[in-house]
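Data first, discussion second: the structure below is written as structure tokens.
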Number of protein chains: 2
Amino acid sequence: MGTVTKALNLLSFFTQNRHEIGLSDLTRLSGLNKATVYRLMGELQEAGFVEQVGPDRAYRLGPEVLRLAALREAAVPILSVSRGILDRLCDATGETAHLSLLRGTQLVTLGHAYSPRHATRVMMDDAEILSFHGTASGLAVLAWADDAFVDAALAGPLAAHTTDTVTDPGAIRAMLDQVRADGIAESVGRFEADVHSHAAPVFGADQRPIGALAVAAPVSRMTPAQRATIRAELRAAARDLTQRTGGFFPPEYPQEAAA
Amino acid sequence: MGTVTKALNLLSFFTQNRHEIGLSDLTRLSGLNKATVYRLMGELQEAGFVEQVGPDRAYRLGPEVLRLAALREAAVPILSVSRGILDRLCDATGETAHLSLLRGTQLVTLGHAYSPRHATRVMMDDAEILSFHGTASGLAVLAWADDAFVDAALAGPLAAHTTDTVTDPGAIRAMLDQVRADGIAESVGRFEADVHSHAAPVFGADQRPIGALAVAAPVSRMTPAQRATIRAELRAAARDLTQRTGGFFPPEYPQEAAA
DNA sequence: AGTCGTTGGTTCATTATTTGAACCGTTGGT
DNA sequence: ACCAACGGTTCAAATAATGAACCAACGACT
């Protein structure tokens, strides 16, 4: 593994649950030598990717990542375009809408919108990592991904997030067939209990999936009429976002609603 | 220079004017060997920091930077907090408001808001790099920065952005004294012609400046009344943002409006 | 007060990685 | 048919990364 990869890998230990990490913790988490971590973090700090804070000198992500993100947005304005789409989506459905994007082999939530209509909502965090087999968004992406990608995603032992999570690769592949025929993926309580999610894939310029839009609602509020609304809105939103970010749907994507 | 620093330095060649860079261009820009750039970019790509696009395989920033930025925002929500403050600021003044943050030795614009009140506006780009000596924001930060920092910022030959730009370090230091006494920095046509800017510093938990809020208006619209409005609003906005992000004003900051 | 375990930080000989000149095969313009 | 520029690749030589051991400082516990 190259030195740069090691350094960048250190950044991946920052999550929503761990905003600050001390040198020793980082050493343990990464398995690298302490002196190595120290030097790598020093270089990352020099570049503004992390900063040291407080009397315990713990590291947290630095302002340089904001600059890069602003530039990425200027080049590929997915987040800014999606904001309006997410707002409309959650407004039309009355439920929580969110966007997730592929980052290499991982699916990351990067934007969300809450509806004020109901007191209970499905809550979201940005930068959370979703499982492919357990979420509607994950299935929506997998259904139109390369075979190799699907194989990789279903290779390791699949985590059972809830008692209803399907962890059998064969069963999941069968579900993907259905998603392909339908155009929309659905998941009831397989990632978080009591959450009913729908998701539609978003495509890039090469007609391959780059992420998914999803609507997440409490199971108790899902009615046939609500389900129809969500599916229709989701279809429109995914088409909209794909087009406005320069993407194209693959020809095999079902144009009209199936069963 | 360490390998990691070299790799991260490659990312700094992406700007608002250069969203995509080919291998050869990047080699020329960085002065590194082509094979080195190729390998480093390969590692950056592997980590999702850049992606290759199009038939010419040009590099552009990748989705990983969005994930990191979302995490940084979760840890230190300056951008989300500032959004409302910027909106209010530009609403109250009728002019363009923007936020810039220190990134090591550079000052970077990271958020802005336009007022619909006038047809002509001062336009902004996010992730643009501001000069310390030429902008109101830069002066506001310098006025409360370490002596060493000021020395470094005024060391090199200072660019003359317009015919009115002050490039004499002595004259700039005199201006800093005035800014310190006043609490607000002002710049008329020294970065962009015909732009009259006011800026107030924003402070971090250690009472040192972390950036600045600014209001930029066409010179032609600046009246004494407007100037008073901007200065009062800016003062309130900077205090608000500093407090809400866990920062503190240094005791020597002028609490009440001076001349 | 003394001990222990932990923290962030530093050193330097050994080691493994990075480097760069020269080399492909393609592409596009003349 | 040529030339120049592109992205990508190779491999011996040079350089940078590594890790065990070592500080000093802090806090908890006896």
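In the text below, chain A, chain B and the rest are named by the order of the sequence lines, each starting its count at 1.
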- Round to a whole Å and report the spacing from CG of A:L23 to C1' of C:dT10.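 Distance check: A:L23 CG to C:dT10 C1' gives 12 Å.
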
- Item | Nucleotide range of DNA chain D lying under 4.0 Å from chain B heavy atoms |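 In short, chain B contacts DNA chain D from D:dC6 to D:dA17.
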
- Using Watson-Crick geometry (N1-N3 plus N6-O4 or O6-N4) or G-U wobble (N1-O2, O6-N3), each under 3.5 Å, D:dA17 is paired with C:dT14

Pair up each side-chain donor or acceptor in residues 53-66 of chain B with any protein partner under 3.5 Å, not counting sequence neighbours, and list the distances.
from: B:Y59; atom 1: OH; to: B:Q52; atom 2: NE2; distance (Å): 3.4
from: B:R60; atom 1: NE; to: B:E51; atom 2: OE2; distance (Å): 2.8
from: B:R60; atom 1: NH2; to: B:E51; atom 2: OE2; distance (Å): 3.0
from: B:E64; atom 1: OE1; to: A:R103; atom 2: NE; distance (Å): 2.6
from: B:E64; atom 1: OE1; to: B:R67; atom 2: NE; distance (Å): 3.1
from: B:E64; atom 1: OE2; to: B:R67; atom 2: NE; distance (Å): 3.3
from: B:E64; atom 1: OE2; to: B:R67; atom 2: NH2; distance (Å): 3.1

- pair B:E252-B:W144: side-chain heavy atoms closer than 4.5 Å: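 Sidechains of B:W144 and B:E252: in contact.
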
- Is the shortest heavy-atom distance from the side chain of B:L8 to the side chain of A:E43 under 4.5 Å?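 The answer is no; the side chains never approach within 4.5 Å.
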
- Go through the steps to decide whether B:F248 and B:T242 satisfy the test side chain to side chain contact (heavy atoms under 4.5 Å, CB included), and finish with yes or no. CA-CA 6 Å; B:F248 296 97; B:T242 295; 5.6 Å; no

- Does a side chain donor of either A:T162 or A:T165 reach within less than 3.5 Å of an acceptor in the other side chain?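 Present: a donor and an acceptor within the cut-off.
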
- CG on A:L32 to CE on A:M41, rounded to 0.5 Å: 11.5 Å

- Item | Worked verdict on A:E128 versus A:T109 for side-chain hydrogen bond (donor to acceptor under 3.5 Å, both in side chains) | CA-CA 5 Å; A:E128 204 180 335; A:T109 63; 4.8 Å; no

Please tabulate, for side-chain N and O atoms in residues 133-141 of chain B, each donor-acceptor pair with protein atoms closer than 3.5 Å (sequence neighbours left out).
from: B:H133; atom 1: NE2; to: B:A159; atom 2: O; distance (Å): 2.7
from: B:T135; atom 1: OG1; to: B:S131; atom 2: O; distance (Å): 2.8
from: B:T135; atom 1: OG1; to: B:G138; atom 2: N; distance (Å): 2.8

Just the table, please: protein N/O against nucleotides 26-28 of chain C N/O, every pair under 3.5 Å.
none

- Query: With the sugar-phosphate defined as primed atoms, P, OP1 and OP2, and the base as all remaining atoms, what B/S/- string results for nucleotides 11-25 of chain C, 5' to 3', for protein heavy atoms under 4.0 Å?
  - Reply: B-----SSBBB----

- Task: Identify, with sequence neighbours excluded, every residue that meets side chain to side chain contact (heavy atoms under 4.5 Å, CB included) alongside B:P77.
- Result: B:E73, B:S80, B:V81

- Query: Passes salt bridge (Lys or Arg N to Asp or Glu O under 4.0 Å), B:D177 versus B:R173? Steps please.
  - Reply: CA-CA 7 Å; B:D177 285 335; B:R173 283 176 198 275; over 6 Å; no

